[in-house]
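The structure under discussion appears below in the form of structure tokens.
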Amino acid sequence: MDFPVTSGVNGLERIVVNTRDAQGEVYLHGAHVTSWHPTGRKPVLWMSGQSFFDSAKPIRGGIPVCFPWFGPHPSDSQKPAHGTARIQKWIPVKSRWTAEGVAELLLESQLAPFDVQLHIRMGQALELRMNTRLAAQEKRAVHFEQALHTYFCVSDVRNIEIRGLENCQYIDKMLQARRCEPTRRPITFGQETDRVYFNTKDTVEIHDSGDGRQIVIEKSGSLSTVVWNPWIDKSRRMPDFGDSEWPQMVCVETANVADNRVLLAPGDVHEMTLRVTVKDH
Ligand code: BG6
């Protein structure tokens, strides 16, 4: 291992990456990327100052891995929201420098009946590849949902536009999960926003006029994109989210949820990737 596992907040184990091109940090709890800071730029991933760092709870910010369900469990309200992957300790299998000076990490988790691998590459781009395999001895195909629930730093959510989802249908969780037609306009924020865009493979861009930068989110193997900002009241209701933090973040989540959940046959592997880069305006 080129990058050692060290002790982070509250003794939770983490891997700290420091290369010429980027600094970053990954907690084994949830295989959770809590920071990615390309050299010479502002940090890209947002973390709440109120996050728990507790082996029984998810981390608030960075990139929670939601799996094998998204949101509440479909039939058992006692089960944790967004699945068990984000509250479980993952095993670090590999960490190395590539010839180009990029940090490459591999973490694995057994979430029966699935085996999941998360490959992380940190440099001037941040790349995640999530491979999900259904055990070969399973008798029949099994569904799962997944999301790389990425929290991005923004200057003020009221200053940004999200482009790339103008022509997609979506489920609006603020309107009792109503199915809505494409808006034909970039997304702007003036209230709590919680939407699942479906049947979309498209690249999404966060245009931030306050920061003078553009965050570009490319993906593959993903047909849903979730967009979320909790705004004022919901922030107050969340114990691990500061009351005044909501303007500084937006979630754009690379996902396969609801209609786009994945049906995997025994022994098959599904791959979903996310690539984040930053450009000046
Ligand atoms: C988003 C969901 O992905 O995650 C929201 O669409 C949810 O409905 C949010 O509130 C945060 O979820 P959690 O479980 O991390 O508080």
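Ring geometry for Phe3 against Trp97 counts as tilted: the plane angle lies between 30° and 60°, on a 0 to 90° scale. Between His82 and His149, the two ring planes are perpendicular [angle over 60°; tilted spans 30° to 60°].
Ring-centre distance between Tyr170 and Phe198: not below the 6.0 Å cut-off. Between His29 and Phe53, a ring centre-to-centre spacing not shorter than 6.0 Å is recorded. Less than 6.0 angstrom separates the ring centroid of Trp46 from the ring centroid of Phe241.
At a cut-off of 3.5 Å, with distance as the only test, no side-chain donor of Gln50 or Glu245 sits close to an acceptor on the other residue. In this model, no donor atom of one side chain and acceptor atom of the other lie less than 3.5 Å apart for Asn256 and Arg261. Side chains of Thr98 and Glu104: a donor-acceptor N/O pair is absent below 3.5 angstrom, by distance only. For Ser222 and Thr254, the side-chain atoms include no donor-acceptor pair closer than 3.5 Å. Side chain to side chain, Asn260 and Ser224 meet the donor-acceptor criterion of an N or O pair below 3.5 Å.
Formation of a donor-acceptor pair under 3.5 Å by the Thr150 side chain with backbone atoms of Leu148 is found in this model. Side chain of Asp211 to main chain of Arg213: no donor-acceptor pair is present (N/O by atom type, distance under 3.5 Å, no hydrogens or angles). Here the side chain of Asn229 pairs a donor or acceptor atom with the backbone of Met249 at under 3.5 angstrom. Put simply, the side chain of Tyr27 never gets that close to the backbone of Ile59: no donor and acceptor are under 3.5 Å apart. Using modelled atom types, no side-chain atom of Trp69 and backbone atom of Ala81 make a donor-acceptor pair closer than 3.5 Å.
Exactly one residue among Val196, Thr200, Ile217 makes a side chain to side chain contact (heavy atoms under 4.5 Å, CB included) with Thr225. That residue is Thr200.
The cluster map of Ile, Leu, Val, Met, Phe, Trp and Tyr, joined by side-chain heavy atoms under 4.5 Å apart, puts Ile215 and Met122 in the same cluster.
Residues passing the side-chain hydrogen bond (donor to acceptor under 3.5 Å, both in side chains) test with Thr277, sequence neighbours excluded: none. In this view, Arg275 and Glu127, Glu218 satisfy the salt bridge (charged side-chain N to carboxylate O under 4.0 Å, His left out) rule, not counting sequence neighbours.
Using a 4.0 Å cut-off between charged side-chain N and carboxylate O, Arg140 and Glu138 make no salt bridge. Ion pairing between Arg184 and Glu166 fails under the 4.0 Å rule for side-chain N and carboxylate O. Under 4.0 Å is where a charged nitrogen must lie from a carboxylate oxygen, and between Asp240 and Lys57 no such pair does. A salt bridge links Asp280 with Arg41: the distance from a Lys NZ or Arg NE/NH1/NH2 to an Asp or Glu carboxylate oxygen falls below 4.0 Å.
Residue pairs satisfying the salt bridge (charged side-chain N to carboxylate O under 4.0 Å, His left out) criterion with at least one member in residues 190-208, sequence neighbours excluded, are listed as follows: Asp172-Arg195.
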